[in-house]
Amino acid sequence: MTPQEPVRQGAGEEIGSAAALPRPAGEIASAYSFTGPALDLGALLWDGQCLPGAQIRIPLSMLNRHGLVAGATGTGKTKTLQLIAEQLSENGVPVFLADIKGDVSGISAPGQGGDRVQERAGQVGQRWSAAGFPCEFYGLGGIGPGIPVRATVTDFGPLLLAKVLRLNQTQEQSLGLIFHYADAKGLELVDLKDLRAVVAFLVSDEGRAELKAIGGLSTATAGVILRSITAFEQQGASGFFGEPAFDTAELLRTAPDGRGLVSVLELPAVQDKPQLFSTFLMWMLADLFHDLPEVGDLDRPGLVFFFDEAHLLFSGASKAFLESITQTVRLIRSKGVGIFFVTQAPKDVPGDVLAQLGNRVQHALRAFTPEDAKALKATVRTFPKSPYDLEEVLTGLGTGEAVVTVLSDTGAPTPVAVTRLRAPRSRMGPAEAAALDAAVKGSSLYGRYAEAVDRESAYERLTAEQRAAEAAADQAAREAEREAEPEPARRSGERREESLAEQVMGSGVFRSLARSVGTQLGREITRSLFGTARRRR
């Protein structure tokens with residue numbers, strides 16, 4: 001599409017002819033006239049005028065080159081996210097959205113037209129019509145509305161768990177040794193009480209010999225980790241870990257009508273646990289990376305993952321954690337997954353990660369303090385050379401306006417385009433509670449994940465072993481006492497009292513434990529960059 005051709009919406013609707021454009025504006029518009037499928041963001045703003053004949057777009061094939069949606073609070077980031085997600089769904093691309101404030105769930109319901117929506121549509125050359133999109137709603141650990149999302153501690157891995165436990169680098173490395181011990185001994189860490197039981201065993205009198213065999217793990221550090229786990233449980237975090245573990249392949253589905261399914265993770269109920277939910281999002285991404293095959297460059301991504309409030313992910317992260325994020329972002333593109341980080345300022349994202357992001361939608365920034373002014377100048381320097389005065393533009397943008405630069409269909413960066421964005425077609429606000437509840441309980445996944453399952457794992461096995469050892473020791477003491485009794489009394493007691501040690505040794509629990517501890521339980525554990533795991537039986 002050139003500036004002189006009819007302007008078309010994502011569904012291919014002709015909505016008018018473009019007027020002649022001033023030369024700089026025409027050059028910018030030409031750079032966004034891609035020949036293949038593309039998502040429509042809005043119309044170019046030039047010299048104070050909105051030019052509906054100059055449509056600003058993102059090639060669908062470049063959505064796996066990742067992106068950034070940034071801007072101050074209240075500038076329209078959520079609506080931009082919603083606008084992109086709608087068009088991805090229309091093009092058959094599954095989408096994952098983290099709904100932290102509770103206002104994204106409305107994407108499942110048709111929007112409500114009005115004077116403001118029609119005015120915006122007219123300004124940007126959009127033929128607006130209301131539409132809802134196929135959604136699946138999830139809730140972290142079953143807290144709040146949504147199908148419960150859980151992970152086993154083994155699958156979550158030591159690197160991610162160290163972040164939510166707020167361990168330092170030494171403690172993080174020690175936690176990795178504990179996971180290695182559990183893997184080697186075949187002790188399945190399904191929930192937090194399993195991990196607590198393993199650490200408690202290692203610092204106990206019975207387990208100190210095992211602790212010494214784990215190089216570099218001291219009793220003091222193991223004790224700190226144990227206290228951190230206990231405190232974490234007391235904060236109500238137990239429900240996030242367990243079974244049935246969520247299969248992230250559920251995020252790759254399409255609806256029966258061919259549209260991409262929008263998976264919405266409802267997080268308002270856990271807003272007070274930002275370290276936890278942001279790290280859980282990273283686990284989902286790492287799990288996808290671990291499981292998906294290499295596919296190279298596709299004409300459209302297999303999934304686009306929106307990482308809202310991205311600054312929470314990087315806050316307090318260790319060097320190893322940041323390196324793993326950088327490598328995951330760099331490599332997951334070839335597995336057909338695109339990532340959009342959504343945050344307030346580009347400086348919230350480390351430079352090594354920011355360098356991997358090919359598409360940018362920058363909403364207004366504020367410059368009320370010297371620190372804000374410094375951040376503004378740094379942001380301007382990250383954009384390609386532009387005829388705009390970007391410092392002035394970025395502080396003067398209105399709600400629903402943004403500075404855009406993307407990768408063209410040839411992979412080259414497009415020139416900076418100040419853009420008035422389109423209006424989303426779905427509801428701009430939360431879905432009604434009754435509709436949300438009905439969607440959750442009517443889902444085919446609800447029966448699979450709704451009820452937590454607490455099967456035999458490390459806690460039960462170690463507890464059984466401890467009880468068996470205590471029982472055997474108690475029986476040995478009683479037998480020693482009996483040896484000291486007169487011969488007739490000892491004989492009368494032998495028939496009446498079978499050796500408890502023999503009972504324990506012959507019990508199914510003990511035999512099961514003896515078979516499993518020290519083996520791999522017939523499974524293979526492979527760990528990814530983040531130490532996340534999938535058990536292959």
Side-chain angles (χ1 to χ4, degrees), residues 1 8 10-12 30-41 55-69 80-81 83-97 248-255 258-263 282 284-307 310 323-342 349 351-361 382 384 404-417 528-530:
M1 180 186 71
R8 297 180 182 275
S30 295
Y32 288 86
S33 58
F34 313 120
T35 56
L39 310 186
D40 297 307
L41 293 179
Q55 292 292 299
I56 305 303
R57 315 164 77 211
I58 304 180
L60 189 60
S61 60
M62 290 292 118
L63 265 296
N64 68 336
R65 302 300 175 94
H66 313 318
L68 176 74
V69 178
T80 298
L81 180 157
L83 174 67
I84 297 173
E86 289 177 354
Q87 295 184 66
L88 285 167
S89 176
E90 282 185 316
N91 281 276
V93 179
V95 177
F96 173 85
L97 302 174
T248 52
E250 309 286 9
L251 306 180
L252 303 172
R253 295 179 297 142
T254 55
R259 291 184 296 173
L261 195 64
V262 182
S263 299
M282 196 64 229
M284 298 175 86
L285 197 58
D287 194 69
L288 284 166
F289 175 79
H290 188 245
D291 287 353
L292 290 175
E294 294 281 339
V295 294
D297 287 325
L298 303 173
D299 59 355
R300 65 191 64 210
L303 173 72
V304 175
F305 194 104
F306 288 89
F307 216 125
E323 288 174 350
S324 296
I325 291 176
T326 303
Q327 194 156 355
T328 300
V329 172
R330 182 180 296 123
L331 298 177
I332 204 169
R333 176 192 67 79
S334 64
K335 299 194 173 192
V337 177
I339 306 168
F340 271 74
F341 292 100
V342 185
V349 180
D352 288 344
V353 176
L354 198 62
Q356 307 299 319
L357 312 183
N359 305 297
R360 293 182 61 180
V361 181
T382 63
V404 175
T405 179
V406 303
L407 293 180
S408 71
D409 44 9
T410 62
T414 59
V416 171
S528 69
L529 293 171
F530 277 97

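Throughout, numbering of the chain's residues begins at 1 and tracks the sequence.
With values rounded to the nearest 0.5 angstrom, Glu86 atom CD is found 10.0 Å from Leu81 atom CG. Annotation: the span from Leu292 atom CG to Thr248 atom OG1 amounts to 7.0 Å, rounded to 0.5 Å. How far CZ of Arg57 is from CZ of Phe34: 7.5 Å, rounded to the nearest 0.5 Å. Atoms OG1 and CD, from Thr326 and Gln356 in turn, are 7.5 Å apart once rounded to the nearest 0.5 Å. In this structure, the separation between NZ on Lys335 and CG on Leu298 is 13.0 Å, given to the nearest 0.5 Å. The CG atom of Leu41 sits 5.5 Å away from the CD1 atom of Ile84 when rounded to the nearest 0.5 Å.
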field: Worked check of side chain to side chain contact (heavy atoms under 4.5 Å, CB included) between Phe307 and Met282
entry: CA-CA 9 Å; Phe307 216 125; Met282 196 64 229; 4.0 Å; yes
task: Go through the steps for Ile339 and Arg333 under the test side chain to side chain contact (heavy atoms under 4.5 Å, CB included), then give the verdict.
output: CA-CA 8 Å; Ile339 306 168; Arg333 176 192 67 79; over 6 Å; no
task: Would you check, one step at a time, whether the test side chain to side chain contact (heavy atoms under 4.5 Å, CB included) holds for Thr328 with Ile325?
output: CA-CA 5 Å; Thr328 300; Ile325 291 176; 5.8 Å; no
message: Determine whether Leu60 and Asp299 satisfy the following criterion, side chain to side chain contact (heavy atoms under 4.5 Å, CB included), listing intermediate values before the conclusion.
response: CA-CA 7 Å; Leu60 189 60; Asp299 59 355; over 6 Å; no
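Closest heavy-atom contact between Leu252 and Pro94: O-CG, 3.5 Å. Considering all non-hydrogen atoms of both residues, Tyr32 and Val416 come closest at OH-C, 4.4 Å.
Counting heavy atoms from C-beta outward, Ile332 and His66 have side chains that approach closer than 4.5 Å. Counting heavy atoms from C-beta outward, Arg360 and Thr382 have side chains that approach closer than 4.5 Å. With contacts defined as side-chain heavy-atom distances shorter than 4.5 Å, the pair Leu285/Phe96 does not qualify.
Between the side chain of Arg300 and the backbone N or O of Gly92, no donor-acceptor pair lies under 3.5 Å. Asn64 contributes no side-chain N or O that, together with a main-chain N or O of Ser334, makes up a donor-acceptor pair within less than 3.5 Å. A donor-acceptor contact shorter than 3.5 Å links the side chain of Asn359 to the backbone of Met62. Formation of a donor-acceptor pair under 3.5 Å by the Thr405 side chain with backbone atoms of Thr414 is found in this model. In this structure, Ser89 contributes its side chain and Gly260 its backbone to a donor-acceptor pair below 3.5 Å.
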